[in-house]
Each structure stands twice: as C-alpha cells, then as structure tokens.
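Because the structure is a prediction, the values reported are computed rather than measured. The analysis underlying the following values was restricted to heavy atoms, covering all of them including side chains, and did not include hydrogens, waters or symmetry mates. Order of the sequence lines sets the chain letters (A, B, ...), proteins ahead of strands, with each chain counted from 1.
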Amino acid sequence: MSNDNKKRTRFAPSPTGYLHIGGARTALFNWLYARHYGGKFILRIEDTDQERSTEESTRAIFDAMTWLGLNWDEGPHYQAERIEKYKEAVRRLLDAGKAFRCDCTPDALEEKRKKALAEGRKPKYDGTCREKNLEWKPGSVVRFRTPQIGMTTVNDLIKGIISFNNEELDDLIVERSDGYPTYNFAVVVDDAEMGITHVIRGDDHLNNTPRQILLYEALGYEVPKFAHVPMILGSDKARLSKRHGATSVMAYREMGYLPEALVNYLVRLGWSYGDQEIFSLDELIRYFSLESVGRSAAVFNPEKLLWLNQHYIKEGDTDRLADLLCPFLKDLDLRVTDKALVKNVVGDLKTRSKTLVEMAESGAFYFRDSVEYDPKSAEQFLDREGRASLNAILEELPALSDYTKEGVENMLRTIAEKRTLKLKNVIQPLRVTLTGKTVSPGIDQVMITLGKEKVIARIKSALEFSKAE
RNA sequence: GGUCCCAUCGUCUAGCGGUUAGGACAUCGGCCUCUCACGCCGAGAACCUGGGUUCAAAUCCCGGUGGGAUCACCA
C-alpha cells in the first residue's frame, strides 16, 4: 500500500529540437518534486510526430538533462514503440461508443474552420460524422465523443480550481489516419499506464487538461493531480524564443555557464523559499514544494543568471573548475600541458570571471609563448619611463630569494620608492609586460603563477619589443 | 473573436487583514586598492485601475484595463 503513495512524475519532451530553457525548468520541477518525496522521475519521449521527431534531438535532450544532473529513474520510454497500447485504448473507446470514425478530409475541415473564424464563431468540429457509425477506411480518423453537457473542473495544485464548460470542447481526434495517436490521447494513456501521480507541466497545457480528464474518465483511469507552471517570457513579455537570445540549455554550457548556476537560476524563476537566492541541490530537494510555485509568468533575465554563474565560479572547487576550463582554453588554440598551471590560473581568475569563456580569454596570456601586447597599453606603459622601471626590476629579480607574493611586492615597492614613483607606475608597465594588457589579476599573483623564469623572459622580451618600437 | 490563466521596484520575488511594503539582480554613489574584479557600506526604485467587504486591504470579493496561453490528423 505504501507503494501506492509513491509520487511519480515525468518529463515528456517531443524530440523536435534541443532542450530549451522552459523545458528544462519543467523537467527540473518534476525532478525536484519526485526527489523531495522520494518518488520516481520518469522520462518519456513523445515521438508520435513522425515528420518532426529526430534522433539527434533525442540525444540532445539526454545530453542536456545529464549535464543539468536531472537523472531519471525509469525510461526513456518512446511513444512510437507503444502504438499497440494506444490502438487498444482506441478500440475500447470505440467498443463503448465513446469514440467514432470520421472521414472528413483535412481540406474540408480547414474550410469550415476558416469560415467559422470569418463569421466570428468558434472553430469547432461540427459533428458531421458523429452519428454516421462509419467503418474504417483509408484516410479516416477516430474522434473522441466529447460530452457536450456539464462541466469539467481541474483542481490545479498551482492555479487552484478551474472550470470549463464541456460544450467548449470538441470531438478531438485520438487516432490519426496514419494510425498514430494524437498528443492529447497518447499522453493520457501513457501517464495512466505509467502510474504518473502528478503531472507537472507548462501552463500552455492548461486548456488541454479538461479534454484529457474526460479521456481519463472515458478510459476508466484514475485522474492524476495536475500542476501547471507559468511560462517563461522574453524581455518583451512575449513567450521566450530564439530572438531573445540563447534558449538552448547546451548553448549555456558552450558559453561557459556552470550547470548549478542554470539550475539555481531556473528554479528561482517561479519558485521561491523566503529570501534565499543561493541553493545547493540538497537544499532544493529539501525545500521544494509546489505550494510555493508562483502563478504568474516570469521574464527570463540573463543578467541574474550571469550573476549566479559568477557566484558559482567564485565559490567553486578549483580542481573541478580547472577541468571544466580546459576545453575552453583549447578552443582558443592554447597548449595546455601543465595541469598545475591551469589550477593556479583558475585561482587567479575565480573572482573576476563571469563565465568560463571569459576566464579562458582573460587567462590566455598565462599559456602563450609570447605576449601579445595590446597596442594602446604598450604605447602608454612601455615608454621610456616604463622601460626604466622594467630594467630596475630586471636587476633585482634574479637575485630575489623570497619569490612569494610578499617578497615580490616588497621588491616592487622598494623599486618604486628608490625611483620616487607611485607603485602603480612601476606595476602597470610590468602588467603590460607580463599580460599584454592593463587589466589582470594582482601583479604579485600573476608573477607567482607565471614563475620567476617566465617573468624574467617576458621582461626581456618587452624591453626588446619596446626598443624596436 | 471564444475559452482559460495572470497582475508588488526595470527584472526575479517575499508578503498569506494591521509591515517605515523585505530580499536579490541590474543601476548609481562611497570605501578597499598595483589595474580589473571580489568584498563591504549606502542611495534611488513597486503594490495596474475603479468599486465593494472590514475598525483596518498589497492581501478577500466584483468590474475594468493590460499581458499571456490556447482554439491542428504539432506536442
């Protein structure tokens, strides 16, 4: 009996494209709900659209979910492999007189739809074949005989009680002429047969819910609980789409985002736990509840996601970040052979990188054989004055025994004092010398990470370079 | 157009009849400082509107307005 109380949720994407931000959040909510209650999270691929479904999309969805850490307990189930189940359910409906065959052509239907719309009427199936008692023939479909009186109410866990007049609903097609089920039918059969207890999905499905409930009842299934989560909008309040920027989960990985940042961002879009902004996965599982999911749509805010990413980079484990950074360094054609160096670079850049891409770019100078000087920076700091400072450093450095952050800084301060210069006037030429730019981590830190030999070599190169100028 | 949903700073949100309406991102100041960041301190910024109910409404009810979703042999 206790097994009957187990919550079972599912994520059921159609493999017609990559996993997008909205789908990922829906998956995340389902996953969290199951994990919170110690239930099961099931993955089902809704590939009944033979035209648009692709294997690449299926793989892309798996990859994205795996990257986000949304592991599933059962599945993936494929609807295309379950055709017999749907056929059997259609048979039951037909036998019970709850469905009928219809041989109206798509063209005729489309014609009527247009006419209805033009006359300001609801474009609803007119019941042409309802009482004809047609036999199967090529091109015919099966329609559900939707009750035309009464009401159907949804007790939504997020939106509350919502009622629909059944007369608003028409006789939807459950089996297409190609023998495949339509979405509203397959989803009901599958959710019922897979024992899904809680259907958590986007609220764009809210209007489908009454007809699905009617199908559950007609088929003699227990109706699951529904929870419709609000949509994610773009900055113009329209449904989030490509024109608002990246919408693919994997695009964020490529842009150097950490999965925990995306998860943390997504979960807070529509859900909250008091004033808390940062959540570990354990906390999310512990705190998540549908009661605290909001009812209104949310605008996707890339700035806040970026802030979270920066946070997780700043707080992240250095070894792990070093592993994650390597591919991005290689994308920049950098030779990465020294793992210890990568770790030190991560240490230097953790507090000043919003993404791994940014970290790789600003850390590229550590890995190059020769420094690429930014022309403006070189012009400004590798001048006569700068060269004098560099020469002074070059005199002291080889003999410096205390090559530590403190030791190096003391040396630089002493040089500045001797030459009656501000510290920055010594450091900026050195910074350009070592990094090619005027912006970098603390110069002492850069020197330690680079090592004394490379520092000396780069100073010599800079002196050579500026002499030639 | 019909149906359904939604409505607190620019954005994400807290609030569940009595609060100086709180936090976060972003923005703008300041501090720190070798640059840039990080960090710290501070500022500006919101209850869509009109009616009720109530001693008291951001909170409950109704209307309006606005936004969104959906009306396929797509999912």
ask   = Is it the case that A:H244 and A:D236 place a side-chain donor and acceptor less than 3.5 Å from each other?
value = yes

ask   = So what's B:rU11 paired with, Watson-Crick or G-U wobble, going by both distances under 3.5 Å?
value = B:rA24

ask   = Out of B:rC73, B:rA75, B:rC34, which has the shortest distance to the side chain of A:S177?
value = B:rC73

query = Heavy atoms under 4.0 Å, any strand shown: does A:Q276 hit a base, just sugar-phosphate, or nothing?
reply = nothing

ask   = Do A:Y180 and A:D49 meet the criterion of a side-chain donor-acceptor pair at a distance under 3.5 Å?
value = no

task = Indicate, with a heavy-atom threshold strictly under 4.0 Å, whether A:T438 touches base, sugar-phosphate, or nothing.
result = base

ask   = Heavy atoms under 4.0 Å, any strand shown: does A:P441 hit a base, just sugar-phosphate, or nothing?
value = base

request  = Could you tell me whether A:N208 contacts a base, only the sugar-phosphate backbone, or nothing, with contacts defined as non-hydrogen atoms closer than 4.0 Å?
outcome  = base

ask   = Side chains of A:N309 and A:T355: donor-acceptor distance under 3.5 Å anywhere?
value = no

request  = Tell me whether the OP1 or OP2 atom of B:rU70 has a side-chain N or O from A:R239 closer than 4.0 Å.
outcome  = yes

query = Which part of the nucleic acid does A:S272 contact within heavy-atom distance under 4.0 Å: base, sugar-phosphate only, or nothing?
reply = sugar-phosphate

message = What contact category does A:C104 fall into here, base, sugar-phosphate, or nothing, at under 4.0 angstrom with non-hydrogen atoms?
response = base

message = What contact category does A:T48 fall into here, base, sugar-phosphate, or nothing, at under 4.0 angstrom with non-hydrogen atoms?
response = sugar-phosphate

query = Strictly by modelled atom types, are A:R82 and A:Q79 linked by a side-chain donor-acceptor pair under 3.5 Å?
reply = no

query = How would you label the contact of A:I162 with the nucleic acid (heavy atoms, under 4.0 Å): base, sugar-phosphate, or nothing?
reply = sugar-phosphate

task = Assess whether one donor atom and one acceptor atom, taken from the side chain of A:E277 and the base of B:rG23, lie less than 3.5 Å apart.
result = yes

